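Only this structure's heavy atoms are used, side chains among them; waters, hydrogens and symmetry mates stay out. Every number for a ligand or one of its atoms is a count from 1 in the order of the listing. As the structure is a prediction and not an experimental result, all values here were calculated from the model.
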Amino acid sequence: MSAATLIGCDRPLQEEYDVALLDLDGVVYRGADGVPHAASAIDQARAAGLRSMFVTNNAARSPQTVARHLTDLGIPTGPEEVTTAAQAAAALVASEADEDTRVLAIGGDGLREALLDLGLTVVDTAADAPTVVVQGFAPTLGWPDLAEAVYAIGAGATHIASNVDATLPTERGMAPGNGSLVAAVVHATGVQPRSTGKPQPEIFQQAASRAGGRHPIVVGDRLNTDLAGARAACYPGLHVLTGVDGMAEVLKARPEYRPSYLAADLRGLAQAHPEPRAEDDVWVCGQARASVRDGTVVFDRPDGPVSLGVTPISIDEFRAAAAAAWAASDAAGVATVLSDVPALTLTAD
Ligand SMILES: [Mg+2]
């Protein structure tokens, strides 16, 4: 297998690919508010022929609710353009179901609807002898719900989690996500669940198939879910800097988390992406030249070398730096050769 690194695209991504599998939080919106440029970039991408399929690990909200929120933000969206982790979990249950399958749904309305939509029998308590427990996040979940899950799993039901994200971003900061509530159940049962949300590849494969896409591109802001899921599904992943993981996290990313493309925000869909190439130990991307020296990245500029963090860098310098840092880390056989990465900013363009 070739090294996990950036690739190039000599025309705009929105012309090269046929469907974008877009994460929501940190890519399209942050809480209730739209991310700057997201609505216009998606509008332009659609006009250029790139379909959009929104893919979210949030299992609490139904596709209809998500679609309404997007439409309110100026991104007209139908429920058929939304794939949730609840739908991915329901699809897994349905693929293994027989006439005796009874599902205990621990989660929100979105999870229950996704199971019912696939014709599954949903029960309310462990006393109904469920064969499967499907657990997704809802802000109203409490001890009685987790107790039902533990009773059912103790009696032999299998355990499926819509996702295992430890945290959930809220307006007030990071809150416990589904993975933290799943961990409480696992602590009690000792049984590890299967998970269907990102970074598992199935949710992306289902989303691409629902959209009728043959050349999908994943777009996300979180390396350990969106971009790891893209690598697992063997789809290229565009990482944008409008959400959780910033430039420093990208430069230190391990192979299975690395994006294929980098952009400041969704306007990167309308751009061609030059491929970083190695010239001896210097990585060249467009006009940018970067190499790793003494645990940091140094850029060769016309007026002399500049170390990482001294001045804002261009997007091509960021791409060259990522390729250089990753190659040096792989060659050294370590997670990252970089020592503390300073705060980084991109030049305005
Ligand atoms: Mg996100």
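- When the side-chain hydrogen bond (donor to acceptor under 3.5 Å, both in side chains) test is applied to E96, the partners found at least two apart in sequence or on another chain are R194.
- A donor and an acceptor atom, one from each side chain of R46 and S52, are located under 3.5 Å apart.
- Using cut-offs of 30° and 60° on the angle between ring planes, the pair Y29 and H69 is parallel.
- Remark: T196 engages A88, A89, L92, I160 in a side chain to side chain contact (heavy atoms under 4.5 Å, CB included) (not counting sequence neighbours).
- By the side-chain hydrogen bond (donor to acceptor under 3.5 Å, both in side chains) test, R112 is found to be paired with D124, residues two or more places apart in sequence or in another chain being considered.
- Only protein N, O or S atoms were considered, and those under 2.8 Å from the Mg ion (ligand 1) are D23 OD2, D25 O, D221 OD1.
- The main-chain N or O of L262 is found under 3.5 Å from a side-chain atom of R319 such that the two form a donor-acceptor pair.
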